[in-house]
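Below you'll find the structure, written out as structure tokens, and then a few comments.
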Amino acid sequence: MSALSELQGAVRAAAGAVGAGGEGKGRQAPSLQRPPKPDFGDYSSNVALLVAPTVGRSPREVAEQVGEQLRDALGERLERVEVAGPGFLNLFLADQWFLAALRGVLEAGDRFGAGEAAAGERINLEFVSANPTGPLTVAHGRHAAYGDSLARVLEFAGHRVHREFYINDYGTQVRRLGESIRARARGEPVPQDGYQGDYVADLVDPQLAREADVEELARLGVAACLEEIEATLERFGVRFDTWFFESSLHSSRPSGGSAESEAGGGAAETLGRALADLERAGAVYRADGALWLRTSELGDDRDRVLERTSGEHTYFASDIAYHQHKRARGFERLIDVWGADHHGYVARMKAAWQALGGDPDALEVVIVQFVHLLERGERTSMSKRQGNIVTLDELIEEIGVDAARFFLLGRSHDTTVEVDLDLAREESAENPVYYVQYAHARIASVLRKAGAQRVSQALERLGELGPPALDPAERALIKRLVAFSEEVVEAAERRAPHRIAAYALELAQEFTAFYRDCRVVGAEPPDLEAFRLGLCLATQRTIATALGLLGVAAPESM
RNA sequence: GCCCCCGUAGCUCAACUGGAUAGAGCGCCGGCCUUCUAAGCCGGGGGUUGCAGGUUCGAGUCCUGCCGGGGGCGCCA
């Protein structure tokens, strides 16, 4: 148990002893937080404020009593408690507590912060799923960075994550790609709804592109695009467990790519089965010559078409079958990562999911907001059809994988981001990622200077020594280190890997302050040096872990 | 018209799902390298959290209504 959760437990127990009993109304607020000012202690708790109404005493009175309990429970690890403001309980911890906390971090080793999820789940995480009709854009890069980092965070928190890329290799857009390839090769104007980008000319051998039929060209074009997409993702450090072909859901498979799909074998009749299941559930009806799904009865605005008058199935129908297929593979939870332009699609997907008997809570859709591109101060849109795209490859080439990932993960998925390419180029050297990496490299340098032998001796010594008189910077750094566990839980539960980026930066800042104020190698007495070497090691590992969750390298030197 | 997301320092974004005096980075001004990495450090300026109400001990966060930006409301994907 980490020092922090132990402390948390002590606070809860103390509150319980005072008569708080239950959890209060509604969701329980965090009972421990890091206060904004040092005057407010190392940690503060609002339990008294939450609990006072139910026990019928004033918050300050309750806080006093909880404080008494804590004094008994924590003994000499607690320096003092204060009741402040409307009833906050401020805890001032003794150096002994900090020493114990550091030991805890070091004992956990590389697994510090790991496996704290309440219950590990088997999760299918689908992300990027870009159409195989062109190169990946910067927007896809955001999805890739987000999804991959989320997967890492979830895994670290104790879940099992299956990464999946859904390929829309079926339908009109694929045909349009074929037409565009041919038109381009023949020097004819590309059709209005076709793909205008220059890359189209390079997808298929020109000679072939002039002569082959559209079907064939579409197939070749998709294959070429996919190859490139996979290569780009590889460069970006993102790998998928399954590439799932939409065409594999249909009984006839014109694009033929499904052989590579893990799902290929059993998927063929999935679409037919899904439709039959929906029909059996009484969720479909025929009207105006089309087949409709009653999604409006399950929270959607209106009913949706599954099968057109022409007899062709809609994309929606495929997607339903796809989700049913995922469910049949035994995942406890599905997470779909979609772009903001698809948010209108969420209600119908969830409705269909429920119509098929799916647990509404088990299907989660995360919407990632747009990336707006600026070039020379001008807003440019990214449309594959219009061809004015900035590719992920270009971004990687300009600023590198680490800077790109850190930049894209630096903001919440819930907010639109602006990418000014010119600025990104100019400022890539100022990217905060280097600050974090620099702190890591600096620690490596300090540890090198001390030498491996001295470091391992320090670790042994650390188990025995008493608490040295700590510098404020040391306490601040340890508090930040200890916070990592809950940051991981937070990031996992809220599907918010950007918190890890923020945390990494804060940890690096805290270390830099420590580095400024506290000499490590050669510190006197030797116990103090041992303590600080241990602190450096713990910090280095935690930075490396945090960067690893972001898919960013942690260099030994810079 | 209806629905969803966003609005926080000059710019890009945080803020521990309701906590105390809203924080970082970049940019701007001024200082710091015979001492474990100056990709660094220290100091300074910068805010009515879009606006108006409401809920309560306490609101950037929750509720209502406006304003502004984006997206959605296809037998497109």
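The figures here come from the full heavy-atom set of this structure, side chains too, leaving out hydrogens, waters and symmetry mates. Here is how names work: the chains are called A, B, and so on, in the same order as the sequence lines, proteins then strands, and each is numbered from 1.
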[X] side chain, from C-beta outward: closest of [options]:
{"X": "A:Y434", "options": "B:A39, B:C16, B:C75", "answer": "B:A39"}
{"X": "A:V520", "options": "B:U17, B:C36, B:U37", "answer": "B:C36"}
{"X": "A:V521", "options": "B:C73, B:A77, B:C36", "answer": "B:C36"}
{"X": "A:D288", "options": "B:C16, B:C36, B:C75", "answer": "B:C75"}
{"X": "A:R519", "options": "B:U35, B:C16, B:C75", "answer": "B:U35"}
{"X": "A:H498", "options": "B:A39, B:A14, B:G19", "answer": "B:A14"}
{"X": "A:M558", "options": "B:A39, B:C57, B:C73", "answer": "B:A39"}
{"X": "A:R304", "options": "B:G19, B:A14, B:G74", "answer": "B:G74"}

Got a donor-acceptor pair under 3.5 Å from the side chain of [X] to the base of [N]?
{"X": "A:H343", "N": "B:G72", "answer": "no"}
{"X": "A:T309", "N": "B:C75", "answer": "yes"}
{"X": "A:D341", "N": "B:G71", "answer": "no"}

For nucleotides 8-12 of chain B, tabulate all protein N/O to nucleotide N/O atom pairs closer than 3.5 Å, reporting atom names and distance.
| unit_1 | atom_1 | unit_2 | atom_2 | d |
| --- | --- | --- | --- | --- |
| B:U12 | O2' | A:R411 | NH2 | 2.0 |

Syn or anti for B:C33, please, going by whether the chi angle lies within 90° of 0.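 You should classify B:C33 as syn.
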[atom1]-based separation of [M] from [N] [nearest Å]:
{"N": "B:G23", "M": "B:G43", "atom1": "P", "result": "15 Å"}
{"N": "B:C28", "M": "B:G72", "atom1": "C1'", "result": "42 Å"}
{"N": "B:U56", "M": "B:U17", "atom1": "P", "result": "22 Å"}
{"N": "B:C62", "M": "B:U49", "atom1": "P", "result": "16 Å"}
{"N": "B:A20", "M": "B:C13", "atom1": "C1'", "result": "24 Å"}

Side chain of [X], backbone of [Y]: donor and acceptor closer than 3.5 Å?
{"X": "A:H413", "Y": "A:A496", "result": "no"}
{"X": "A:D288", "Y": "A:A290", "result": "no"}
{"X": "A:T512", "Y": "A:A508", "result": "yes"}

If you write RNA chain B from 5' to 3' in dot-bracket form, with Watson-Crick or G-U pairs under 3.5 Å, [ ] for crossing pairs and | for pairs with another strand, what do you get? (((((((..((((.....[...)))).(((((.......))))).....(((((..]....))))))))))))....
Looking at [N], I'd like to know if its phosphate oxygens (OP1 or OP2) sit under 4.0 Å from a side-chain N or O belonging to [X].
{"X": "A:Y503", "N": "B:A24", "answer": "no"}
{"X": "A:R302", "N": "B:C2", "answer": "no"}
{"X": "A:R448", "N": "B:U37", "answer": "no"}
{"X": "A:Y438", "N": "B:A39", "answer": "yes"}

For A:D319, which contact category applies under a 4.0 Å heavy-atom criterion: base, sugar-phosphate, or nothing?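 Nothing, no heavy atom under 4.0 Å.
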Any chance the side chains of [X] and [Y] put a donor and an acceptor closer than 3.5 Å?
{"X": "A:D336", "Y": "A:H323", "value": "yes"}
{"X": "A:Q173", "Y": "A:N168", "value": "no"}
{"X": "A:E246", "Y": "A:S318", "value": "yes"}
{"X": "A:Q369", "Y": "A:R411", "value": "no"}
{"X": "A:E164", "Y": "A:Y322", "value": "yes"}
{"X": "A:H250", "Y": "A:S247", "value": "no"}

Sequence neighbours excluded, every pair satisfying ring pair (Phe, Tyr, Trp, His ring centres under 6.0 Å) that has a member inside residues 521-546 of chain A: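 Counting only pairs at least two positions apart or across chains, no ring pair (Phe, Tyr, Trp, His ring centres under 6.0 Å) contact touches residues 521-546 of chain A.
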Ring centres within less than 5.5 Å and planes less than 30° apart: is that true of A:F40 and B:A20 in this structure?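 Here A:F40 meets both the 5.5 Å and the 30° conditions.
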Would A:F88 count as stacked on B:G19 if the rule is ring centres under 5.5 Å and plane angle under 30°?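 Base of B:G19: not stacked against A:F88.
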Who are the ring pair (Phe, Tyr, Trp, His ring centres under 6.0 Å) partners of A:F370, not counting sequence neighbours?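 Residues passing ring pair (Phe, Tyr, Trp, His ring centres under 6.0 Å) with A:F370: none at all.
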Using the test ring pair (Phe, Tyr, Trp, His ring centres under 6.0 Å), find all partners of A:F406 that sit at least two apart in sequence or belong to another chain.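 Partners of A:F406 by the ring pair (Phe, Tyr, Trp, His ring centres under 6.0 Å) criterion come out as none, since no residue qualifies.
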Supply the atom-to-atom distance A:Q540 CD to A:I543 CD1, rounded to the nearest 0.5 angstrom.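 It is 8.0 Å, given to the nearest 0.5 Å.
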Under 3.5 Å between N/O atoms: give me all the protein pairs with nucleotides 43-47 of chain B, atom names plus distance.
none

A:H413 NE2 to B:G70 P, straight-line distance once rounded to whole Å: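 Computing the A:H413:NE2 to B:G70:P distance gives 22 Å.
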